[in-house]
Amino acid sequence: MPRARRRPAGQDMKGPEGKRSKTKNLGGASAQVESSSLQRTPASEDGGEALGSYWLMKSEPESRLEKGVDVKFSIEDLQAQPRQTTCWDGVRNYQARNFLRAMRLDEEAFFYHSNCRAPGIAGLVKIVKEAYPDHTQFEKNNPHYDSSSKEDNPKWSMVDVQFVRMMKRFIPLAELRAHHQAHKASGGPLKNMALFTHQRLSVQRLTREEFDFILSLEEKEPS
DNA sequence: GCCAACGTTGGC
DNA sequence: GCCAACGTTGGC
């Protein structure tokens with residue numbers, strides 16, 4: 001099956017080569033109740049909080065070809081989308097998928113720039129549509145096509161996210177790491193941050209303490 | 001471009 | 001079900 005990859009469907013309407021069908025018609029005629037997954041668990045399954053959760057979602061802001069398709073999707077690309085909204089397709093890792101399925105409407109996520117010259121947290125997005133089947137798993141020409149997934153039992157899910165705001169200042173990975181290292185000794189809020197303890201996971205859950213601490217960094221001088 | 005970390009695959 | 005080989009992630 002396809003490798004685990006993240007990144008949203010940059011419905012970039014660049015050039016004539018209109019990628020796939022894409023273009024989720026949000027607000028389309030029938031705001032149909034999606035989610036073939038009625039498995040709507042109490043969100044307490046993955047060690048999840050009962051209350052709202054916070055998230056971090058990775059995306060690559062620099063061009064890179066995957067099976068001939070550019071996977072670039074920066075926060076600026078998100079801002080340029082209709083309604084500043086995109087479907088977060090292409091996740092092919094079970095842990096990340098389960099987090100997508102645990103996301104609830106209006107929960108907030110950091111938009112993280114990965115695999116680039118300046119990795120770090122660029123902005124804030126929120127969930128505007130809960131998990132539903134990722135259509136790209138059925139598209140033979142999509143880099144994330146999964147021949148093992150069947151239409152009547154889709155393996156992979158996606159959510160829709162909408163731009164909320166840019167961070168007041170970009171929060172570099174190196175700065176987060178410095179806090180993580182310090183907090184491991186001091187017991188501070190970033191001591192177990194998934195960005196470092198599960199570094200390859202493209203969709204991560206944050207505690208409220210982690211989320212609030214990172215927001216507080218916006219007000220501080222770059223260190 | 002290098003390469004460590006780590007998830008997945010497939011032989012047995 | 002083990003585990004070595006392999007492929008990917010993603011920082012540097």
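Each chain gets a letter, A, B and so on, in the order the sequences are listed, and its residues count up from 1. This one's a predicted model, so the numbers in the text were calculated from it and none came from an experiment.
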Rounded to whole angstroms, how far apart are [atom1] on [X] and [atom2] on [N]?
{"X": "A/L65", "N": "C/dT8", "atom1": "CG", "atom2": "P", "result": "15 Å"}
{"X": "A/W156", "N": "B/dT8", "atom1": "CH2", "atom2": "P", "result": "7 Å"}
{"X": "A/N98", "N": "B/dG7", "atom1": "CG", "atom2": "C1'", "result": "14 Å"}
{"X": "A/H198", "N": "B/dA4", "atom1": "NE2", "atom2": "C1'", "result": "17 Å"}
{"X": "A/R117", "N": "C/dG11", "atom1": "CZ", "atom2": "P", "result": "14 Å"}
{"X": "A/E66", "N": "C/dG7", "atom1": "CD", "atom2": "C1'", "result": "12 Å"}
{"X": "A/Q199", "N": "C/dT8", "atom1": "CD", "atom2": "P", "result": "17 Å"}
{"X": "A/L195", "N": "B/dC6", "atom1": "CG", "atom2": "P", "result": "13 Å"}

Against the six-membered ring of A/Y132, is A/K129 placed for a cation-pi contact (under 6.0 Å from the centre, within 45° of the normal)?
yes
Assess the residue pair A/F111 and A/F163 against the criterion (ring-ring contact (aromatic ring centres under 6.0 Å, His included)); give the C-alpha distance rounded to whole Å, side-chain angles, the decisive distance to 0.1 Å, and a yes or no.
CA-CA 9 Å; A/F111 191 109; A/F163 178 80; 8.6 Å; no
A/N93 side-chain proximity, nearest of B/dG7, C/dG11, B/dA5:
B/dG7
Nearest of C/dG11, B/dC6, B/dG7 to any side-chain atom of A/R200?
B/dC6
Hey, is A/E62 close enough to A/K72 for a salt bridge, meaning N to O under 4.0 Å?
no
State yes or no: are the ring centers of A/W156 and A/Y94 separated by less than 6.0 Å?
yes
Should A/Y94 be listed as having a side-chain N or O under 4.0 Å from OP1 or OP2 of B/dC6?
no
C/dC12 OP1/OP2 closer than 4.0 Å to side-chain N/O of A/R177:
yes
Could you check whether A/Y112 gets within reach of a base, just the sugar-phosphate, or nothing at all, counting any heavy atom under 4.0 Å?
sugar-phosphate
